[in-house]
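FYI, side chains are in, hydrogens and waters are out, and symmetry mates aren't considered; it's all heavy atoms of this structure.
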Amino acid sequence: MEKKSNVEFETVPSSVIAKRLAADQNSVGLIPSLDLISNKDLFVSSEIGISFDALLSNAYIHFKEEQETIDEIFLKGDVTSNEVILSKILFKEFYDVEVKTTLLSHQPTDFSENILIVGDENYEKEIFLSGLSFAEEIIELINAPYVNFVLAGTSDELVKKINSTFKKALESGHAEKIDHLFPTFPQTALDYVTVNLQHLVFDFDEQDLEGIKLLLQMPYYHGLIKDIIEVKFV
């Protein structure tokens, strides 16, 4: 994308991007989809985002051994509103249990507890091999693609401009070699991501838009919010 225009790119923790957008009307950002709950006035691209439609995920659930029920899950990594809210809904829907979520900071990962890890640690340490794909669980929950991030901004014109600038580039598919993108990943992880990269979608279609709507309905049905969110697609 950087070769296609003079747009300046900045990487920050996922959980703070929506706040940054509110402070800078000349920017757009890839925000966690459930951040729309508390940012209803943002305009959302109907064409560009990050969606999973199968096994590949940026987050994995790791269960402790020999437990009869689950009452708490720890969250670690680049945790967003998606993992905080959807983990509660997921365990309620699939296991009929109310779980407490506890955010971990930088302490070593303790696999004697139930833990949801978001980000590269899953692949750098090859622990994705023993984890449960969070994306796959959400796909099963809503019976639609799991839209993890949406492209949003306070200006509808700016979002439209980004749509028109980058949509074709994103339709062209994924890079054949990804080693340079993930220099810290061991070969097993690189092979896995390469094979499953086809299930990571950047250019949205109707299924992805439906996935966003279904995802935003879940907190409402579980009594976590008062109203269903109407997304301002552009």
Side-chain angles (χ1 to χ4, degrees), residues 7 9-53 57-59 75 77-90 92-93 101 103 116 118-119 134-164 166-167 170 200-234:
V7 174
F9 288 82
E10 184 179 352
T11 302
V12 297
S14 302
S15 59
V16 305
I17 297 176
K19 293 179 181 178
R20 293 286 295 273
L21 292 179
D24 184 0
Q25 297 191 0
N26 292 316
S27 65
V28 297
L30 283 164
I31 67 171
S33 47
L34 291 193
D35 275 10
L36 293 174
I37 291 173
S38 52
N39 297 276
K40 301 174 186 177
D41 294 331
L42 290 176
F43 293 96
V44 176
S45 171
S46 61
E47 301 183 67
I48 295 173
I50 300 177
S51 175
F52 296 99
D53 64 12
S57 182
N58 71 327
L75 309 177
D78 190 19
V79 178
T80 71
S81 57
N82 282 35
E83 290 79 34
V84 174
I85 295 172
L86 293 176
S87 59
K88 289 177 175 289
I89 293 173
L90 198 63
K92 181 63 177 176
E93 287 279 337
T101 56
L103 187 63
L116 171 58
V118 188
F134 189 68
E136 189 174 36
E137 292 298 291
I138 301 302
I139 291 166
E140 184 177 347
L141 177 68
I142 63 175
N143 196 29
Y146 170 41
V147 179
N148 200 169
F149 291 90
V150 295
L151 182 74
T154 58
S155 166
D156 60 336
E157 291 302 320
L158 189 54
V159 175
K160 289 177 183 177
K161 182 179 178 181
I162 298 296
N163 283 344
S164 62
F166 293 114
K167 181 65 187 290
L170 295 173
L200 177 62
V201 176
F202 300 122
D203 56 313
F204 285 172
D205 60 20
E206 286 301 320
Q207 282 190 337
D208 298 295
L209 301 184
E210 183 65 17
I212 296 172
K213 295 174 184 177
L214 291 171
L215 203 62
L216 289 168
Q217 289 173 6
M218 296 304 296
Y220 170 76
Y221 291 141
H222 282 261
L224 302 176
I225 57 176
K226 293 182 179 180
D227 302 298
I228 293 179
I229 305 301
E230 294 293 332
V231 183
K232 298 167 70 173
F233 286 118
V234 295

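- Within the structure, side-chain hydrogen bond (donor to acceptor under 3.5 Å, both in side chains) contacts touching residues 14-27 (residues at least two apart or in different chains) are Glu10-Arg20, Ser14-Asp78.
- Contact annotation: the side chain of Phe52 never approaches that of Val201 to less than 4.5 Å [non-hydrogen atoms, C-beta and beyond].
- The two residues Phe9 and Phe166 come nearest to each other via the heavy atoms CZ-CZ, 4.4 Å.
- Rounded to the nearest 0.5 Å, atoms OH (Tyr220) and CD1 (Ile37) are 13.5 Å apart.
- Residues satisfying the side-chain hydrogen bond (donor to acceptor under 3.5 Å, both in side chains) criterion with Ser81, sequence neighbours excluded, are Asp35.
- The list of side-chain hydrogen bond (donor to acceptor under 3.5 Å, both in side chains) pairs with a residue in residues 142-156, not counting sequence neighbours, reads Asn58-Asn148, Asn82-Tyr146, Tyr146-Asn148.
- Taking every heavy atom of both residues into account, Val150 and Leu36 meet most closely at CG2-CD1, 4.1 Å.
- Rounding to the nearest 0.5 Å places CD of Glu137 at 12.0 Å from CG of Leu86.
- The distance from the CG atom of Leu30 to the CD1 atom of Ile50 is 5.0 Å, given to the nearest 0.5 Å.
- At a threshold of 4.5 Å between non-hydrogen side-chain atoms, the residues Ser33 and Phe149 do not count as touching.
- Note that CD of Glu140 is 8.5 Å distant from CG of Leu90, once rounded to the nearest 0.5 Å.
- A pairwise comparison of heavy atoms in Val159 and Val44 identifies CG1-C, 4.3 Å as the closest pair.
- The shortest non-hydrogen separation linking Ile17 to Gly29 is CG2-CA, 4.0 Å.
- By the side-chain hydrogen bond (donor to acceptor under 3.5 Å, both in side chains) test, Ser45 is found to be paired with Asn163, residues two or more places apart in sequence or in another chain being considered.
- Counting only heavy atoms from C-beta outward, the side chains of Ile31 and Leu42 approach each other to under 4.5 Å.
- Listed by chain and number, the residues in a salt bridge (charged side-chain N to carboxylate O under 4.0 Å, His left out) with Glu157 are Lys160 (sequence neighbours excluded).
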Sequence neighbours excluded and cut-off under 3.5 Å, please list the side-chain donor-acceptor pairs for residues 221-228, or say none.
| unit_1 | atom_1 | unit_2 | atom_2 | d |
| --- | --- | --- | --- | --- |
| His222 | NE2 | Glu93 | OE2 | 2.8 |

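- Not counting sequence neighbours, the partners of Glu47 by the salt bridge (charged side-chain N to carboxylate O under 4.0 Å, His left out) test are Lys167.
- Partners of Glu206 according to the salt bridge (charged side-chain N to carboxylate O under 4.0 Å, His left out) rule, which considers only residues two or more places apart in sequence or in another chain, do not exist here.
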Which side-chain N or O atoms in residues 207-216 pair as donor and acceptor under 3.5 Å with protein atoms at least two apart or in another chain?
| unit_1 | atom_1 | unit_2 | atom_2 | d |
| --- | --- | --- | --- | --- |
| Asp208 | OD1 | Ser51 | OG | 2.8 |
| Asp208 | OD2 | Asp205 | N | 3.0 |

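- Other residues, nucleotides and ligands contribute more than 12 heavy atoms inside 6.0 Å of the NZ atom of Lys92.
- In this structure, Asn39 has no side-chain hydrogen bond (donor to acceptor under 3.5 Å, both in side chains) partners at least two apart in sequence or on a different chain.
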